[in-house]
**Student:** 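Here it is: the structure, laid out below.
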Protein chains: 2
Amino acid sequence: MTGEDNILKLVDAEESESGEYHLQDQVGFILRRAQQRHVAIFSSYISDLTPPQFAALAKLRDVGGDTSQNQLGALVAMDAATVKGVIDRLRARGLVELSRHDGDRRRLLVSLTVEGRRTVDALIPLATRITEETLSPLSPKEVATFLKLLARLA
Amino acid sequence: MTGEDNILKLVDAEESESGEYHLQDQVGFILRRAQQRHVAIFSSYISDLTPPQFAALAKLRDVGGDTSQNQLGALVAMDAATVKGVIDRLRARGLVELSRHDGDRRRLLVSLTVEGRRTVDALIPLATRITEETLSPLSPKEVATFLKLLARLA
DNA sequence: CCAAATTCATTCGTACACAAATGATACCAG
DNA sequence: CTGGTATCATTTGTGTACGAATGAATTTGG
C-alpha cells in the first residue's frame with residue numbers, strides 16, 4: 001500500500017485506497033441486483049410459482065424418493081422455518097404431500113404428487129430458458145467463466 | 001438436438017441437451033446461495049444493521065443533500081414499499097430524518113442525522129472488509145473478471 | 001439402561017421484496 | 001382554467017429468509 005501499486009488499480013479499480021466507497025461497485029449490491037433481474041425473468045416465464053417453490057419441486061424430482069422436510073431444506077439451501085412455509089404452500093396447491101417416517105416419528109416425508117410431478121416436468125424446459133435468458137448478456141465462454149467463479153463464492 | 005451437436009457441450013456443459021436438469025447448476029440457484037453467504041459475512045461484521053439499511057445510509061452519504069424517498073429507492077434498487085420500511089426503521093433509530101419538500105408537497109426528503117452520518121462513516125471500513133471477505137475465494141484477477149461479468153447481469 | 005445432548009419440526013418475531021390499490025398533489029394539453 | 005395523466009407516498013397482502021425458543025423423539029455416553 002505504499003505507492004508503487006497503482007498497477008493494482010486494475011484489480012480493484014472500483015474504489016482502491018482512495019477512501020471513497022461506492023455502493024454501486026460492491027459485490028453485495030451488484031449480487032442483489034443480479035438476483036432481482038433473475039427473479040423478474042423467472043416470473044415472466046413462470047408466474048404461478050416462485051423460484052424457491054420451483055426449486056423445491058425440482059429437487060424432489062431429482063431425488064426421486066421421499067426426503068424429510070429438513071433434508072430437503074438442506075438440498076435447496078433453505079432453513080427449517082423457510083422450508084416449512086414453502087412446503088405448506090405447495091401442499092395447499094396439491095403439488096406435494098406429507099407423510100410420517102416410520103421408524104423415526106419426528107420426520108415428515110415430502111413427496112411429489114402425481115400432479116406435482118406433471119407440473120415440474122412441464123416446467124423444466126421453461127426453467128432452462130430462464131437460465132439462458134438470465135445469462136444472455138454473456139457470451140458462451142463468459143458464461144462458463146462466470147459460473148465457475150460464482151460457484152466458488154457460494 | 002439430433003446427434004452431431006455434442007460439440008456444444010462446452011457451451012452449456014452444466015446440463016446440455018441430455019434432458020437432465022440439475023438445480024445446483026442453475027445460475028439462479030447459485031446466485032441465491034452466493035447472496036446468502038454474503039449476507040452471513042455482512043452480519044458477522046455488522047450485526048445491528050441489515051444490508052439494505054446500510055445501503056440506504058451509504059447512498060445518502062454519497063448523494064450528500066436530501067433526496068426523496070422514491071429517488072433514494074431508485075438509487076438503492078428498492079421499490080417504494082420496500083424503501084418505506086427501511087427508512088421507517090432507520091428513522092426509528094435516529095439515523096435519518098424526514099422533511100417535506102417545499103414546492104412539491106408530495107415529496108418526502110430523507111437525510112442523515114448527525115448520528116446517522118457518524119454511524120455510516122464508522123461502518124465504511126467494515127463494509128470494505130465485508131466486500132473483501134466475500135470475494136476472498138477468488139484471486140485479484142478473478143475478482144476483476146467476476147465483477148465485470150456480474151455487472152453485465154445486473 | 002438412563003440422563004444429556006442432538007435432531008426434527010413448529011412457532012414467533014422481524015425484515016426485506018414486490019404487486020396492486022388508493023389518495024394526494026403536480027403537470028399538461030386543449 | 002380544467003380535466004386527464006403522471007408522480008409520490010402509503011397501505012395491504014403474499015412470500016421468502018432467518019434467529020431464537022419450544023416440544024417431541026432419537027441418539028449417545030457412561
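The sequence lines fix the lettering, A, B, ..., with proteins before strands; numbering per chain opens at 1.
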**Student:** Any chain of hydrophobic side-chain contacts (each under 4.5 Å) joining B:Leu109 to B:Val96?
**Tutor:** no
**Student:** Above 12 or not: heavy atoms from other molecules or residues under 6.0 Å from CZ of A:Arg37?
**Tutor:** yes
**Student:** For B:Arg91, does the CZ atom sit with more than 12 other heavy atoms under 6.0 Å from it, leaving out its own atoms?
**Tutor:** no
**Student:** Between A:Phe146 and B:Phe146, what is the ring plane arrangement, given parallel below 30°, perpendicular above 60°, and tilted in between?
**Tutor:** parallel
**Student:** Within this structure, what is the CZ-to-P distance between B:Arg105 and C:dC27, rounded to whole angstrom?
**Tutor:** 11 Å
**Student:** State the dot-bracket string of DNA chain C. Criteria: Watson-Crick or G-U wobble, both atom distances under 3.5 angstrom; notation: ( ) intrastrand, [ ] crossing earlier pairs, | interstrand, . unpaired.
**Tutor:** ||||||||||||||||||||||||||||||
**Student:** When you check the phosphate oxygens OP1 and OP2 of D:dT16, does a side-chain N or O of A:Arg89 lie under 4.0 Å from one of them?
**Tutor:** yes
**Student:** Apart from A:Val39 itself, what residues make up its hydrophobic cluster, given side-chain heavy atom links below 4.5 Å?
**Tutor:** none
**Student:** Taking only N/O atoms, report every protein-nucleotides 1-7 of chain C pair under 3.5 Å with atom names and distance.
**Tutor:**
unit_1 : atom_1 : unit_2   : atom_2 : d
C:dT7  : O2     : A:Arg106 : NH1    : 2.6

**Student:** Distance check, rounded to the nearest 0.5 Å: B:Leu108 atom CG versus B:Ile87 atom CD1?
**Tutor:** 9.0 Å
**Student:** Measure the distance from CZ on B:Arg100 to C1' on C:dA26 and round it to the nearest whole Å.
**Tutor:** 14 Å
**Student:** Search all heavy atoms of B:Thr134 against all heavy atoms of B:Pro137 and return the closest pair with its distance.
**Tutor:** O-CD, 3.3 Å
**Student:** Could you measure the distance from the CD atom of A:Gln35 to the CG atom of B:Leu153? Nearest 0.5 Å is fine.
**Tutor:** 11.5 Å
**Student:** Check the distance between D:dG15's P and A:Phe54's CZ and give it to me in whole angstrom.
**Tutor:** 18 Å
**Student:** Where each residue is assigned the nucleotide of DNA chain D containing its nearest heavy atom, which of A:Gly85 and A:Asp104 is assigned the position nearer the 5′ end?
**Tutor:** A:Gly85
**Student:** Given atom CD of B:Gln53 and atom P of D:dA17, what is their separation to the nearest angstrom?
**Tutor:** 18 Å
**Student:** Please check if the side chain of A:Gln36 supplies one atom and the backbone of B:Ala77 the other of a donor-acceptor pair under 3.5 Å.
**Tutor:** yes
**Student:** Rounded to whole angstrom units, what separation is found between the CD1 atom of B:Ile87 and the P atom of C:dA17?
**Tutor:** 13 Å
**Student:** Which ones in residues 27-52 of chain A lie close to DNA chain D, meaning a heavy atom under 4.0 Å from one of its atoms?
**Tutor:** A:Thr50, A:Pro52
**Student:** Measure CG/B:Leu90 against C1'/C:dT14 and give the value in whole Å, please.
**Tutor:** 14 Å
**Student:** Can you tell me how far CD1 of B:Ile130 sits from CG of B:Leu135, rounded to the nearest 0.5 angstrom?
**Tutor:** 12.0 Å
**Student:** Specify the closest pair of heavy atoms between B:Arg100 and B:Arg106, including all atoms of both residues, with the distance to one decimal.
**Tutor:** NH1-O, 3.2 Å
**Student:** Using links of under 4.5 Å between side-chain heavy atoms of ILVMFWY residues, direct or through other members, which residues join A:Leu75 in one cluster?
**Tutor:** A:Val63
**Student:** Could you state the CG-C1' distance from B:Asp102 to C:dA26, rounded to the nearest angstrom?
**Tutor:** 15 Å
**Student:** Quick one: A:Leu95 CG to D:dG15 P, roughly how many Å, whole number?
**Tutor:** 13 Å
**Student:** Which parts of residues 71-84 of chain A get close to DNA chain D, meaning a heavy atom less than 4.0 angstrom away?
**Tutor:** A:Asp79, A:Ala81, A:Thr82
**Student:** Is the backbone N or O of B:Leu112 less than 3.5 Å from a side-chain atom of B:Arg61, with the two atoms forming a donor-acceptor pair by type?
**Tutor:** no
**Student:** How long is the straight-line distance from CZ of A:Arg89 back to NZ of A:Lys84, given to the nearest 0.5 Å?
**Tutor:** 9.5 Å
